[in-house]
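These notes concern the structure reproduced below.
Side chains are part of it too, since the values below use all heavy atoms of this structure and drop only hydrogens, waters and symmetry mates. Throughout, a chain's letter reflects where its sequence line sits, starting with A, and its residues are numbered from 1.
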Number of protein chains: 2
Amino acid sequence: MTKRSLPPLTALRAFEAFARLGRMTTAADELCVTHGAVSRQIRSLELSVGLPLTEGPRHRLKLTDAGERLAASLSGAFDRVERTLADLRSADAAELHLSCLGTFAMRWLIPRLGTFHDQHPGLRVRVTESFAPADFARERYDAAIRLTEHVPAHGGEAIAFLDNFHGPVAAPQLVNGRPGVKAFAGLPRLHTRPHLQAWAEWERHTGLSLPEAPQNREFEHLFYMLEAAVAGLGVGLSPFVYVAADIEAGRLAAPVGFVRTPAQFYLILPPGPAKPAAAAFRDWLLDEAGSVPVPS
Amino acid sequence: MTKRSLPPLTALRAFEAFARLGRMTTAADELCVTHGAVSRQIRSLELSVGLPLTEGPRHRLKLTDAGERLAASLSGAFDRVERTLADLRSADAAELHLSCLGTFAMRWLIPRLGTFHDQHPGLRVRVTESFAPADFARERYDAAIRLTEHVPAHGGEAIAFLDNFHGPVAAPQLVNGRPGVKAFAGLPRLHTRPHLQAWAEWERHTGLSLPEAPQNREFEHLFYMLEAAVAGLGVGLSPFVYVAADIEAGRLAAPVGFVRTPAQFYLILPPGPAKPAAAAFRDWLLDEAGSVPVPS
DNA sequence: TGTTCTTGTGACTTCACCTCACATGAGACG
DNA sequence: CGTCTCATGTGAGGTGAAGTCACAAGAACA
C-alpha cells in the first residue's frame with residue numbers, strides 16, 4: 001500500500017461545490033465562506049494539480065475538460081462517502097445497545113421485550129450482559145440497567161424504574177408448608193460469589209435470621225443459584241422480580257415474603273442527547289415497570 | 001441538488017490513513033504530523049459522525065463495524081480521486097499545447113513534425129494559431145512560437161531558435177529572369193493587413209526600393225498573400241522560411257534574395273519548470289532549426 | 001457611459017490544527 | 001512484581017493555512 005498523494009482536501013471540496021453550483025459566489029454561500037476564499041482555494045488547487053481547471057472570462061467561468069473530469073470524480077467520491085455516513089447513522093439509529101444485568105435480562109427483560117418490538121418494529125435491541133458499574137466512557141451503550149443504591153454522577157440521566165425486594169426462596173417440597181424462618185431449617189444456604197454479603201444485608205433489613213445452615217454453596221451467578229434453588233439444592237436469596245414467575249408457577253416458595261432494599265433498578269442513559277431509540281425504550285420500560293405486581 | 005453535509009475532510013483523511021495503516025503513529029508519519037494530531041482528528045470525527053469508530057485498548061485499537069464500513073468507503077473514494085488526478089496529469093503530460101504563428105505552423109513546423117512524432121511517439125502536439133503576443137497568464141500553453149525582436153519579460157525561458165530573413169518573391173514567369181529590383185517592375189504589390197509597414201522595413205533594411213507598383217493588394221493573412229504570389233497576382237514580401245520550399249520547387253522566385261531582420265523566431269516557454277513534453281519539443285526544435293539552410 | 005454582476009487579489013486577521021510534554025494503561029521481560 | 005516499552009489520550013500553548021475585508025478588474029446589459 002503506497003502513501004496517498006492528494007491535494008489539500010478543502011480545496012477539493014471548494015472546487016467540487018463550484019463545479020456543482022456553477023458560480024463561486026453560490027459555492028461560497030454553501031460552504032459558509034466568502035467568494036474570495038473559494039477563489040483562492042480553486043487557484044491553489046490548480047497550482048497543486050498542475051493543470052488549469054477553469055477557463056473563460058470572470059463573469060462566466062467554465063470548467064476545462066480536466067476540470068469537468070475531476071469534478072465528476074469528486075462528486076462521485078463525495079456522494080459515496082455521504083451515502084455511507086447516512087447509512088451508518090440510520091443503521092445506528094435503528095439499533096438499541098443495552099448493557100444489562102444478566103439475570104435481569106433473562107428473568108425480566110427478555111420475556112417482556114415482545115411488546116417493545118410490537119411497538120417499534122424497526123428497532124433492534126442488542127443486550128449485552130454486564131455487572132460492572134455503567135461506564136459510558138469505556139464502552140458505548142445507548143442505555144444500561146443496573147441494580148444499585150446510587151448511580152454515580154456521569155452527566156446523563158438515571159431513572160429508578162423499579163423498586164427491589166429480596167427474600168429467601170426454596171423449592172416448595174423442601175419448605176413443606178412450614179411458616180416463617182423455620183421453613184428453612186436444615187436447608188443448605190446458597191450464595192453468589194459477586195454478592196456474598198447478600199444474606200447479611202437481608203438479615204439487617206428484616207431483623208430476622210435464618211436457622212443455622214448445615215452447608216453453604218457458592219455460585220458464580222445469581223442465575224445459576226436460582227436454577228439450584230428450583231432444583232431443591234437449598235435456600236437462595238433473590239430479588240423478587242427474578243423469581244416472581246417461578247413462585248407464580250409453584251416452582252419456588254417464599255415463606256417469609258420479600259422486603260424492600262435501598263437499592264433500586266435504574267435505567268441509566270449516557271450523557272448528551274438521548275437517541276430516539278433510547279428514549280423510546282425508556283418510555284416503554286417505565287410503562288412496563290408500572291404494571292409490575294409488588295410482593296406482599 | 002442539495003447541499004452537502006460532510007464531516008471535516010482532514011478528519012476523514014486522518015481516519016482513512018489510520019484505518020489503512022492500523023496504527024495512529026504510522027498514519028501520523030504518512031501525514032507528516034504527530035500522533036496526537038491524528039488522535040484528535042479521529043476523536044473529532046467520531047464526535048461529528050455521532051458514532052464510535054474505534055474500540056479496544058489503546059495499544060491495540062481496532063475499528064468498530066461502523067469504522068470498517070466508513071474506512072472502506074473512504075478508501076474507495078480517495079482511490080477514485082487519486083486515480084482521476086493521475087489520469088488527468090498523464091493525459092496532460094502526453095500533450096503539448098503550442099501557440100504558433102499560423103503561417104509558421106503551416107509552412108515550417110507541420111511539415112517537419114513527423115520527425116518529432118517519430119522521436120516521441122507518446123506525445124500529441126496540439127497547435128493553436130495565434131498572432132497576439134504570448135500571454136501565458138490569459139491562455140495556457142506549454143510553449144509558443146513568435147517572430148519578434150524582443151520577448152517581453154514574463155518569467156519564463158525565451159530562445160531565439162531561428163534567424164529571420166525577408167525578401168520579395170513572385171511567380172517565376174512574372175519575374176522572367178530579370179535581375180535586381182527591376183525584376184518586379186510593373187507588378188502589383190501584395191500586402192498583409194497585420195503588417196502593412198513590412199515593405200517600408202524591408203526598404204530600410206536593404207537600402208533598396210522597388211519600382212512603383214501599378215496596384216496594391218491587401219490580404220488578411222500572410223498565408224493568403226503567399227498563395228496569391230504563387231498564383232502570379234504580384235510581388236509579396238515574405239520571411240525566407242515560409243517560401244524556401246516554394247523557391248526550391250520553382251513555384252516562386254526571389255531575384256534580390258533575402259536580408260536578415262532584427263526580429264527572430266522565438267520559442268517562448270511559460271514561467272516555472274517546463275514540463276517534459278515542452279523540454280523535448282525545445283530540444284527537437286533547436287536541433288531541427290540548426291539544420292535549416294540560410295538564404296544567400 | 002454608467003450600473004451591475006462576478007471573480008481576482010493585496011493586506012491583515014484568526015482560529016483550526018498542530019506540537020510539545022506528560023499521563024495513562026497494557027504487555028513484555030527479566 | 002517492578003520496571004520498561006509501546007501506543008494512544010490530553011492540557012496548554014504556538015502558528016500558519018485559510019478566511020475576511022475592501023477594492024480592482026472585466027464583461028454584459030441597459
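Taking atom CG of residue B/L21 and atom P of nucleotide D/dT8, one finds them 11 Å apart after rounding to whole Å. Atom CD of B/E55 and atom C1' of C/dA26 are 17 Å apart (whole Å). Taking atom CG of residue A/D29 and atom C1' of nucleotide C/dT6, one finds them 13 Å apart after rounding to whole Å. Here the C1' atom of nucleotide C/dT7 and the CZ atom of A/R60 are 14 Å apart, to the nearest Å. Rounding to whole angstrom units, CG of residue A/L45 and C1' of D/dA18 are separated by 15 Å. Rounding to whole angstrom units, CG of residue B/L12 and C1' of C/dC17 are separated by 15 Å. Between the P atom of D/dA17 and the CG atom of B/L9 lies a distance of 18 Å, rounded to the nearest Å. Distance B/Q41 CD to D/dT8 C1': 15 Å, rounded to the nearest Å.
Within 4.0 Å (heavy atoms only), B/T10 reaches sugar-phosphate atoms of the nucleic acid but no base atom.
The aromatic rings of B/F18 and B/F15 sit tilted relative to each other, their planes meeting at an angle between 30° and 60°.
Contacts classified as ring pair (Phe, Tyr, Trp, His ring centres under 6.0 Å) and involving residues 51-97 of chain A (residues at least two apart or in different chains) are given here: A/H97-A/Y141. Residue pairs meeting the salt bridge (charged side-chain N to carboxylate O under 4.0 Å, His left out) criterion with at least one partner in residues 82-108 of chain A, sequence neighbours excluded, are A/E82-B/R4, A/D92-A/K275, A/E95-A/R124, A/E95-A/R126, A/R107-A/E227, A/R107-A/D246.
Distance CG/A/L70 to CG/A/L63: 9.0 Å, rounded to 0.5 Å.
Within the 4.0 Å cut-off from OP1 or OP2 of C/dC18, not a single side-chain nitrogen or oxygen of B/T34 is found. Remark: A/T25 is in phosphate contact with C/dT7, judged by side-chain N or O atoms under 4.0 Å from OP1 or OP2. Remark: B/H59 is not in phosphate contact with D/dT8, judged by side-chain N or O atoms under 4.0 Å from OP1 or OP2.
In this structure, A/H35 has no side chain to side chain donor-acceptor pair (under 3.5 Å) partners at least two apart in sequence or on a different chain.
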Give the table of side-chain donor-acceptor pairs shorter than 3.5 Å for residues 47-55 of chain B, with sequence neighbours excluded, one pair per line with atom names and distance.
{"residue": "B/T54", "atom": "OG1", "partner": "B/E46", "partner atom": "OE2", "Å": "3.1"}

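Between A/F104 and A/F265, the ring center distance clears the sub-6.0 Å criterion.
Of the candidates B/L267, B/V125, B/V127, B/C100 forms a side-chain contact (heavy atoms from CB on, under 4.5 Å) with just one, namely B/V127.
Pairing each heavy atom of A/L45 with each of A/P7, the nearest pair is CD1-CB, 3.7 Å.
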With sugar-phosphate taken as primed atoms, P, OP1 and OP2 and all else as base, the protein-contact string of nucleotides 8-15 of chain C at under 4.0 Å (heavy atoms; B, S, -) is BBBB----
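Rounded to 10°, the angle separating the first-five-pair axis and the last-five-pair axis of the helix from C/dT1-D/dA30 to C/dG30-D/dC1 equals 30°.
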